Amino acid sequence: MTKDEILQKVFGYDSFNQGQEETIEAVLNGDDVLAMLPTGTGKSLCYQLPAYLLEGAVIVVSPLISLMQDQVEQLRILGERRVVALNSFLNGKVREQTLRHLHQYRFIYVSPEMLRMETILNKLKKMKIALFVIDEAHCISQWGYDFRPDYLNLGKMRVWIGNPPVLALTATAQPEVREDIKESLQFKNPKEFVYSIDRRNISMVVEKYDHHLQKKERLLELVPQFKKPGIIYFSSKRLTEEFAEFLRLNGVKNVAAYHGGMNQEQRILIQQQFLYGQLEVICATSAFGMGINKKNIRFVIHYHMPGQMESYIQEIGRAGRDGKDSIALLLYSTGDEMLPIRLIEQELPEEWQINAYYNLSATKNKLKIVEDLKLTETQLRYLDYYSNDFRDKQAIAGKVIEMRKIRQEIKLKKVWEMSNWIHTKECRRKKALIYFQESYKQSPEQCCDLCQLELSHYFADNVEDHEVKRESWEWRLRKILIEK
Ligand SMILES: [Zn+2]
């Protein structure tokens, strides 16, 4: 079959989205490819389609278990049985069996932490690997994102599994980060496809208040009026639940909270209900949305500012994948910057913890140290990563403290840039494009609160949306079929 036939027969599409075809061509050609495609264009097709034309397995490194499971589920719906996700949820016997049959799979999804394990690496070494895919490749840059040290080792892993061609995928990465990705993965014949982060059907609005109670009032006033479905992001788990309740009391019918503290079953249920239109509004932490392939999201509201433009652009990119007009609204109250700043300060161990950790590590058992110093998982990962990096144990604490300082400065600068964007006086779209070093074109008809926009354009008329109705039907049918 040709790639066009596979597109139709396996995936059910008539044509490629922007960026997909070029990327797929280069992958089939055996080049190392970096593709930055805007959220919502269907990045996964760029490796899923070549998997049917290349010989060997496609390995996909993915940062989140929920994201992997969504992808696996979607491939299964398309009829693909040779797909598996290797993650910490696989327990003893199933894991053993899966590993024994690993060579039979076409798609192998794996977390970077799992990929490091010797049993898995050894198995992969003996297999024919057609393509090594890094999803959310911006995690490779160690400075601006969550601290995932195993992402930094993917270049080495690549060599160990026989140097297959690489496809690195990302939605938002500044040019320096893209350079980081290519270098770290040891690109050989690099091909780079970079498309604009600009989603012209998503308007950007910021409303500023003096006090957070005014924000709350405004949120409760707007959400009942907006066309739905929509997502509201909060930076605290507690607030997602409180606001779901407030909204219910304000007449928003199908609303639920979603956060990482809920159990997996609950989370999957809420995702499914949202996907099939049973739920119209989700109050969520940033844990929600990655990998959710819902086309008709009409609004994304931020009740708290994200810590960086990259996260903001990714999160609002979940709106309007059907191409219809959608709105991104950020509610700001004076001093909101303190929230992301505090998170950055707490992310890594403090100076006294770093000193104590390396002083104690020769004498005490590790579990005891972690307990005594009250280290979080990320903090421990950080300390361990650098303890392997430096040979001279004397100098190590000093070095780690220095690295921490650099990392914090970079992250704080990102908060500052996000804050600048909130307080800008020029077109928000233009300002965002400048941040990603893109050139600016003309404003769309509904652009932003600083150039041109009609807020009521996003309000619902009283007629129930056809699409919401249809989704609701699909859900009932699915339920009946499953219960049978
Ligand atoms: Zn504008």
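The basis for the numbers below is simple: all heavy atoms, side chains too, and nothing from hydrogens, waters or symmetry mates. Order of listing sets the numbers, starting from 1, for every ligand and every atom in it. If you're wondering where the values come from, they're calculated on a predicted model, not measured in any experiment.
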Got a salt bridge between Arg404 and Glu351, using NZ or NE/NH1/NH2 to carboxylate O under 4.0 Å? no
Using 4.0 Å as the upper bound for N to carboxylate O, is an ion pair formed by Glu241 and Lys237? no
Here's a test for you: under side chain to side chain contact (heavy atoms under 4.5 Å, CB included), which of Lys43, His138, Arg178, Glu192 qualifies with Met36? Arg178
Cut-off under 2.8 Å, centre the Zn ion (ligand 1), protein N/O/S atoms: Cys427 SG, Cys447 SG, Cys448 SG, Cys451 SG
For a quick check under 3.5 Å, do Glu22 and Tyr195 share a side-chain donor-acceptor pair by atom type? yes
Note, Leu53 side chain near Lys3 side chain (heavy atom, < 4.5 Å): yes
Is the distance from the ring center of Phe274 to that of Phe288 below 6.0 Å? yes
